[in-house]
Amino acid sequence: MAYMLIGYDVESSEDEVTTAFLKRANSLHTSLGVPATLFIRGQNLERNPTAFEAVAANSLLELQQHTYSHTLLKTVCQCNEEGVTVFRGGTLEEIQADVAKASALLREYLGVRCIGLTGPYTYYRGLSDRPDILKVLWELGIRYTRTFGRNEHDWMPVPLQWQPFWYELQGFPGMLEVMIHGWHDCLLRPLCGWTDLDGYLALVKPLIEQAAAEDLVFSYCAHDHSSLREDPEMTIIIRLIEYAQAKGMTIITYGQYYERRKAEQSSRSQL
């Protein structure tokens with residue numbers, strides 16, 4: 001079965017952008033009857049708790065976290081046409097505090113038990129090389145991560161051949177990595193030109209075609225600020241959803257996908 005997973009990182013420093021996005025995303029996904037996951041930066045929720053209440057009440061929208069203050073879980077050594085740029089990750093203590101605070105806010109304001117997390121910036125191989133960070137996240141109740149979102153150059157795109165996996169070899173067989181494929185929308189759209197919606201779609205649709213043809217997962221990364229920029233009605237996501245549906249793909253939340261994989265894992269262990 002081919003899956004499309006839609007994840008929005010809600011992280012804008014401008015409150016009016018976040019609130020406008022929440023209103024539009026809530027309306028859009030309700031009208032289409034299609035689920036999605038919002039990975040929320042804790043500071044955004046803390047500043048605008050009432051704006052999140054409507055999306056929290058929508059059963060189509062899953063709410064998980066994007067840390068409290070956008071602390072990187074790992075150092076990124078980004079190599080692209082502009083050269084090499086290093087973005088430093090937090091210490092274990094900083095990571096623990098940031099993730100714990102975001103989970104506490106989701107529970108306090110929205111009654112959400114947080115089990116999923118998107119790592120800020122994302123990383124090559126996710127957390128495969130950092131069992132110490134996995135341990136911190138596991139102890140905080142995180143059961144699936146969306147941290148593998150860069151290729152071997154700590155850049156993009158991430159090919160579809162890399163598919164979700166359990167962190168079993170690292171000692172956490174119950175933690176699932178659901179990586180991001182292709183590009184983060186906020187990085188690809190300016191390369192296309194913010195107003196060139198068709199050009200952007202032309203680069204994303206082949207991933208949907210491949211996933212549908214090969215029964216793969218296509219994990220799509222969007223953001224509150226980039227979803228609205230030069231596209232206030234969010235026609236990009238509407239057209240991608242319609243295209244995936246036409247190809248016969250199943251669209252579910254990241255949490256639903258995790259639960260399906262967990263059930264499969266349990267069934268195999270009983271054989």
Side-chain angles (χ1 to χ4, degrees), residues 7-22 25-26 36-58 61-76 87-123 126-127 129-149 167 170 172 174-180 184 186 221-227 253-255 258:
Y8 300 102
D9 293 352
V10 184
E11 62 180 29
S12 177
S13 59
E14 301 178 49
D15 291 346
E16 62 272 20
V17 171
T18 294
T19 54
F21 164 78
L22 292 173
N26 193 25
T37 302
L38 278 62
F39 295 96
I40 302 165
R41 187 174 70 153
Q43 289 175 330
N44 291 63
L45 174 58
E46 189 174 49
R47 294 197 307 265
N48 309 281
T50 57
F52 285 91
E53 291 176 359
V55 295
N58 189 338
L61 299 177
E62 175 196 19
L63 307 185
Q64 299 296 341
Q65 71 149 293
H66 192 36
T67 75
Y68 172 72
S69 65
H70 215 253
T71 295
L72 273 66
L73 307 186
K74 279 174 56 174
T75 294
V76 172
F87 304 95
R88 294 194 175 276
T91 65
L92 286 177
E93 293 75 17
E94 290 168 340
I95 292 167
Q96 196 280 338
D98 225 46
V99 173
K101 189 167 185 178
S103 288
L105 289 170
L106 282 165
R107 183 172 58 251
E108 176 186 352
Y109 287 124
L110 304 175
V112 170
R113 182 176 73 89
C114 183
I115 65 166
L117 173 148
T118 288
Y121 282 40
T122 66
Y123 327 102
L127 300 174
D129 58 340
R130 293 299 303 270
D132 53 340
I133 299 175
L134 290 170
K135 183 175 185 291
V136 168
L137 299 182
W138 180 267
E139 291 175 349
L140 290 172
I142 301 300
R143 294 298 178 264
Y144 76 83
T145 58
R146 185 172 173 255
T147 63
F148 188 162
Y167 282 113
Q170 292 78 10
F172 299 90
M175 185 175 290
L176 184 68
E177 173 62 45
V178 190
M179 67 281 293
I180 292 164
H184 301 190
C186 61
C221 177
H223 296 73
D224 52 354
H225 48 92
S226 48
S227 291
T253 67
Y254 284 80
Y258 161 75

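Numbers here simply count residues along the sequence, with the first being 1.
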Heavy-atom pair of closest approach, residues [X] and [Y]:
X      : Y      : value
Leu22  : Ala51  : CD1-O, 3.5 Å
Cys221 : Asp9   : SG-OD2, 4.0 Å
Cys186 : His225 : CB-CE1, 3.9 Å
Val55  : Asn26  : CG1-CB, 3.8 Å
Gln65  : Ala102 : OE1-CB, 3.2 Å
Tyr109 : Pro49  : CD2-CB, 3.8 Å

How many angstroms lie between [atom1] in [X] and [atom2] in [Y], if you round to the nearest 0.5 Å?
X      : Y      : atom1 : atom2 : value
Met175 : Lys135 : CE    : NZ    : 11.5 Å
Phe21  : Glu14  : CZ    : CD    : 14.5 Å
Leu140 : Ile95  : CG    : CD1   : 10.5 Å
Asp98  : His66  : CG    : NE2   : 10.5 Å
Phe52  : Arg47  : CZ    : CZ    : 9.0 Å
Ile40  : Gln43  : CD1   : CD    : 13.5 Å

Looking only at atom types and distance, does a side-chain atom of [X] sit under 3.5 Å from a main-chain N or O of [Y], one as donor and one as acceptor?
X      : Y      : result
Arg146 : Gly7   : yes
Thr37  : Tyr254 : yes
Tyr123 : Leu73  : yes
Glu177 : Phe148 : yes
Thr145 : Leu117 : no
Lys74  : Gly126 : yes
Arg41  : Thr67  : no

Side chains of [X] and [Y]: is there a donor and an acceptor less than 3.5 Å apart?
X      : Y      : result
Gln64  : Thr118 : no
Thr18  : Asn44  : yes
Asp224 : Ser12  : no

4.5 Å side-chain heavy-atom contact, [X] and [Y]:
X      : Y      : value
Tyr258 : Val178 : no
Val99  : Val136 : no
Leu127 : Leu137 : yes
Cys114 : Ile142 : yes

**Prompt:** When the aromatic ring centroids of Phe87 and Tyr121 are compared, is their separation below 6.0 Å?
**Reply:** yes
**Message:** For His184 and His223, take the angle between the two ring planes, folded into 0 to 90°, and tell me which bin it lands in: parallel under 30, tilted 30 to 60, perpendicular over 60.
**Reply:** tilted
